[in-house]
Colleague: 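Encoded as structure tokens, here's the structure I'll be asking about.
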Amino acid sequence: MPAPDPTRSPTPLIDSHVNLHGEAYADDLDAVFERAEAANVAGMIAISDTLASTEAVTAVADRGAAVWRSAGVHPHYAQNYRDLSAETLIALAASEDVVGIGECGLDYYYEYSDRAVQAPVFEAHIAAARATGLPLIIHSRDADADMARYLAEHAADGAFRPLLHCYTGGWDLAETSLGLGGYVAFSGIVSFKKADEVRAVAARVPLDRLIVETDCPYLAPVPWRGRRNEPAYIGGVVEALAAARGEDVETVARATTANFFRLFERARPVPPAVLAAGLA
């Protein structure tokens, strides 16, 4: 079944978190990119979930000058990388198309990897983010207290820039991250009927610290909820975020695109549409 018409914004948008290297897009990845372009998506980050997927993620990033990638290990797979070192991540981040470290962090909801294993793997990512100066793309689920503690403790050893990805946690963790110069990214969850707590946090985050993402193929925003998600739907996230904050859609669109390039400084070349709009 073809995807519905995407939401199109006159402001060029950036999808800061896509998972396009899996089977979900094996049959129509070219069409996914075409729909993203039609929806005025000017760039995106292909996210690493394991080191084993580096080749596949790189192949996605190679599809366009404004498709970048990250380097890291999702906490679900920490058990497979018990000896992961910051040096390994730093070496992977030497490639110019790598603009962030992660997705990494703590997941106490599924806990596919033991907490005792997740922690040192996450710490290796923090050290790599500090050494490279690249943003730390953080997954945190049901782990607010420990995540806030890790961020505060490790920031005392040297600065790094956290990005709370697909945020569903409470205000305390968001405030901790913001206090360290961090950013908070929201996904299609902000449009879900029962996501009042997420919307309440989104309304409190300063406009200059907001980022948007699809986290596709998951979490398609309303009105596409239940379908496979894709970058073309990022405009739906922007609309829902603007509604939650009581702000104009284009105000949020312009802010989130500008914020992306402020945080992801290595995301070059800047797409012409972004330059023309004065957002980078």
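All of these numbers come straight from a predicted model, not from anything done at the bench.
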Colleague: Return the minimal non-hydrogen interatomic distance between Val201 and Ala174, and the atom names on each side.
Modeller: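 Looking at all heavy atoms of both residues, the shortest contact is CG1-CB, 4.3 Å.
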Colleague: Taking only residues two or more places apart in sequence, or in another chain, which ones meet Arg130 in a salt bridge (Lys or Arg N to Asp or Glu O under 4.0 Å)?
Modeller: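 Salt bridge (Lys or Arg N to Asp or Glu O under 4.0 Å) check on Arg130 returns nothing, list empty.
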Colleague: Atom SG of Cys166 and atom CD1 of Ile189: how far apart are they, to the nearest 0.5 Å?
Modeller: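 One finds 4.0 Å between SG of Cys166 and CD1 of Ile189.
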Colleague: Linking I/L/V/M/F/W/Y whenever their side-chain heavy atoms sit closer than 4.5 Å, directly or via other members, would Leu173 and Val198 fall into one cluster?
Modeller: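 Looking at the clustering, Val198 is in the same group as Leu173.
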Colleague: Are more than 12 heavy atoms, taken from residues, nucleotides or ligands other than Gln79, located less than 6.0 Å from that residue's CD atom?
Modeller: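 It does: Gln79 CD has more than 12 such atoms within range.
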Colleague: Check the hydrophobic clustering (I, L, V, M, F, W, Y; side-chain heavy atoms under 4.5 Å; chains of links allowed) and say if Val18 and Leu263 are grouped together.
Modeller: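 Different clusters.
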Colleague: Under a 4.5 Å cut-off applied to non-hydrogen side-chain atoms, are Val57 and Ile47 in contact?
Modeller: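 No, too far: nothing below the 4.5 Å cut-off.
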Colleague: Ignoring hydrogens, what is the shortest heavy-atom contact between Ala124 and Ala86? Give both atom names and the distance.
Modeller: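 In this case the closest contact between Ala124 and Ala86 is O-CB, 3.5 Å.
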Colleague: Do the side chains of Glu250 and Arg254 get close enough for a salt bridge, i.e. N-O under 4.0 angstrom?
Modeller: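 So Glu250 does not pair with Arg254 through a salt bridge.
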Colleague: Name all pairs fulfilling the salt bridge (charged side-chain N to carboxylate O under 4.0 Å, His left out) condition that reach into residues 156-175, sequence neighbours left out, sorted by first residue then second.
Modeller: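 Pairs touching residues 156-175 that pass the test: Arg161-Glu265.
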Colleague: Are Val270 and Ile211 connected, step by step, through hydrophobic side chains (Ile, Leu, Val, Met, Phe, Trp, Tyr) whose heavy atoms are closer than 4.5 Å?
Modeller: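 Yes, Val270 connects to Ile211 through the hydrophobic network.
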Colleague: Which pairs count as ring-ring contact (aromatic ring centres under 6.0 Å, His included) when at least one residue sits in residues 82-130, sequence neighbours excluded?
Modeller: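 Residue pairs with at least one partner in residues 82-130: His76-Tyr110, His76-Tyr112, Tyr110-Tyr112.
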Colleague: Would one find more than 12 heavy atoms of other residues, nucleotides or ligands at under 6.0 Å from atom CG of Asp248?
Modeller: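 Count over threshold, so yes.
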Colleague: Distance from Phe260 atom CZ to Trp68 atom CH2, nearest 0.5 Å?
Modeller: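 It is 5.0 Å, given to the nearest 0.5 Å.
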Colleague: Decide side chain to side chain contact (heavy atoms under 4.5 Å, CB included) for Val205 and Val184; before the verdict, give the C-alpha distance in whole Å, the side-chain angles of both, and the deciding distance to 0.1 Å.
Modeller: CA-CA 8 Å; Val205 175; Val184 186; 4.2 Å; yes
Colleague: In the structure I gave you, are the side-chain heavy atoms of Thr50 and Asn80 within less than 4.5 Å of one another anywhere?
Modeller: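 No - every pair of side-chain heavy atoms lies 4.5 Å or more apart.
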Colleague: Same hydrophobic cluster for Ile126 and Ile101, using side-chain heavy-atom links shorter than 4.5 Å among ILVMFWY?
Modeller: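 Ile126 and Ile101: one cluster.
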Colleague: Given a cutoff of under 4.5 Å between side-chain heavy atoms of I, L, V, M, F, W and Y, with clusters grown through shared members, what are the other residues clustered with Ile90?
Modeller: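 Result for Ile90 is none, singleton.
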Colleague: Would you indicate whether the side-chain heavy atoms of Ile138 and Tyr150 approach each other to under 4.5 Å?
Modeller: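 They are not in side-chain contact.
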Colleague: Determine, for Arg228 against Asp28, whether the closest basic-nitrogen to carboxylate-oxygen distance falls under 4.0 angstrom.
Modeller: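 Salt bridge present between Arg228 and Asp28.
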Colleague: Within the distance-only criterion (no hydrogens, no angle test), does the side chain of Asp114 pair as donor or acceptor with the backbone N or O of Val117 below 3.5 angstrom?
Modeller: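 Looks like no, no N/O pair under 3.5 Å.
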Colleague: Of all heavy-atom pairs between Asn259 and Leu207, which one has the smallest distance, and what is that distance?
Modeller: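 The answer is ND2-O, 2.9 Å.
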Colleague: If the threshold is 4.0 Å, N to carboxylate O, is there a salt bridge linking Arg35 and Glu230?
Modeller: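 Yes, charged N to carboxylate O under 4.0 Å.
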Colleague: Specify the closest pair of heavy atoms between Thr257 and Pro12, including all atoms of both residues, with the distance to one decimal.
Modeller: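 Scanning both residues completely, I find the closest heavy atoms to be OG1-O, 2.6 Å.
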Colleague: Before giving the answer on side chain to side chain contact (heavy atoms under 4.5 Å, CB included), spell out for Phe33 and Met44 the whole-Å C-alpha distance, their side-chain angles and the decisive distance to 0.1 Å.
Modeller: CA-CA 10 Å; Phe33 274 95; Met44 62 187 78; 3.9 Å; yes
Colleague: Restricting to pairs with a member in residues 64-77, which pass salt bridge (charged side-chain N to carboxylate O under 4.0 Å, His left out), not counting sequence neighbours?
Modeller: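 Checked against salt bridge (charged side-chain N to carboxylate O under 4.0 Å, His left out) - neighbours excluded - the pairs reaching residues 64-77 are Arg69-Asp97.
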Colleague: I need the minimum non-hydrogen distance between Gly72 and Ser48, along with the two atoms involved.
Modeller: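 Here Gly72 and Ser48 meet closest at O-OG, 2.7 Å.
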Colleague: Quick one: OG on Ser140 to CG on Leu164, what's the gap to the nearest 0.5 Å?
Modeller: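 The OG atom of Ser140 sits 7.0 Å away from the CG atom of Leu164.
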Colleague: Before you tell me yes or no, could you show the steps for Thr11 and Leu279 under side chain to side chain contact (heavy atoms under 4.5 Å, CB included), namely the whole-Å CA-CA distance, both residues' side-chain angles and the distance that decides it to 0.1 Å?
Modeller: CA-CA 9 Å; Thr11 296; Leu279 300 176; 3.7 Å; yes
Colleague: Is there a donor-acceptor contact under 3.5 Å from the side chain of Thr251 to the main chain of Glu247?
Modeller: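 Here the side-chain-to-backbone pair does not exist.
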Colleague: Is there a donor-acceptor pair closer than 3.5 Å between any side-chain N or O of Arg266 and the backbone N or O of Val98?
Modeller: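 Yes, the answer is positive, given that a donor and an acceptor are paired below the 3.5 Å cut-off.
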Colleague: Any side-chain heavy-atom pair from Pro75 and Leu106 closer than 4.5 angstrom?
Modeller: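 Pro75 vs Leu106: side chains apart.
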Colleague: So, using side-chain contact (heavy atoms from CB on, under 4.5 Å) as the criterion, who are the partners of Pro206 when residues are at least two apart?
Modeller: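 Residues passing side-chain contact (heavy atoms from CB on, under 4.5 Å) with Pro206: Leu178, Asp208, Arg209.
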Colleague: Measuring from atom CG of Asp107 to atom OG of Ser113, what distance do you get when rounded to the nearest 0.5 angstrom?
Modeller: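 Result: 9.0 Å between the selected atoms.
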Colleague: Ser85 side chain to Thr88 main-chain N or O, any donor-acceptor pair under 3.5 Å?
Modeller: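 Checked: pair present.
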Colleague: Which pairs count as ring-ring contact (aromatic ring centres under 6.0 Å, His included) when at least one residue sits in residues 176-219, sequence neighbours excluded?
Modeller: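 Found none.
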Colleague: Does the side chain of Val249 come within less than 4.5 Å of Val238's, by heavy atoms?
Modeller: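 A side-chain contact under 4.5 Å exists here.
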Colleague: Would you give the length of the straight line joining atom CD of Glu123 to atom CD of Gln118, rounded to the nearest 0.5 angstrom?
Modeller: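 Rounded to the nearest 0.5 Å, the CD-CD separation comes to 12.0 Å.
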Colleague: With sequence neighbours excluded, give me every salt bridge (charged side-chain N to carboxylate O under 4.0 Å, His left out) pair touching residues 136-152.
Modeller: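 Checked against salt bridge (charged side-chain N to carboxylate O under 4.0 Å, His left out) - neighbours excluded - the pairs reaching residues 136-152 are Asp146-Arg149, Arg149-Glu153.
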Colleague: How would you list all residue pairs meeting side-chain hydrogen bond (donor to acceptor under 3.5 Å, both in side chains) that involve residues 13-22, not counting sequence neighbours?
Modeller: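 Qualifying pairs: Asp15-Thr214, His17-Glu103, His17-His165, Asn19-Asp215, His21-Asp49.
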Colleague: May I have all residue pairs that pass side-chain hydrogen bond (donor to acceptor under 3.5 Å, both in side chains) and include part of residues 188-204, sequence neighbours excluded?
Modeller: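 Listed once each, the pairs are Asp196-Arg199.
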Colleague: If we only count heavy atoms from C-beta on, is the Leu151 to Phe160 side-chain gap below 4.5 Å?
Modeller: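 In contact.
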Colleague: Under 4.5 Å between any side-chain heavy atoms of Leu20 and Cys216, yes or no?
Modeller: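 When only atoms from C-beta onward are counted, Cys216 and Leu20 do touch, with a gap below 4.5 Å.
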Colleague: Testing the basics here: between Pro221 and Gly188, what is the closest heavy-atom pair and its distance to 0.1 Å?
Modeller: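 Closest approach of Pro221 to Gly188: CB-CA, 3.8 Å.
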Colleague: Any chance you could pull the hydrophobic cluster mates of Tyr77, using side-chain heavy atoms under 4.5 angstrom and chaining through other members?
Modeller: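 Noted: Tyr77 shares its cluster with Leu51, Val73, Tyr81, Leu84, Leu89, Leu92, Val121.
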Colleague: Side-chain contact, heavy-atom cut-off 4.5 Å: Val41 with Ile14?
Modeller: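 No. Closest side-chain heavy atoms not under 4.5 Å.
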Colleague: In terms of hydrophobic clusters joined by side-chain contacts under 4.5 Å, are Leu210 and Val237 together?
Modeller: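 Yes, one cluster joins them.
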Colleague: Please round to the nearest 0.5 Å and tell me the distance separating atom NE2 of His139 and atom CD1 of Ile137.
Modeller: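 One finds 13.5 Å between NE2 of His139 and CD1 of Ile137.
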Colleague: Under the salt bridge (charged side-chain N to carboxylate O under 4.0 Å, His left out) rule, what pairs show up with a residue in residues 50-67, not counting sequence neighbours?
Modeller: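 Passing the test, one end in residues 50-67: Asp30-Arg63.
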Colleague: Can you check whether Gly100's main-chain N or O pairs, donor with acceptor, with Ser70's side chain at less than 3.5 Å?
Modeller: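 Not confirmed, Ser70 side chain does not pair with Gly100 backbone.
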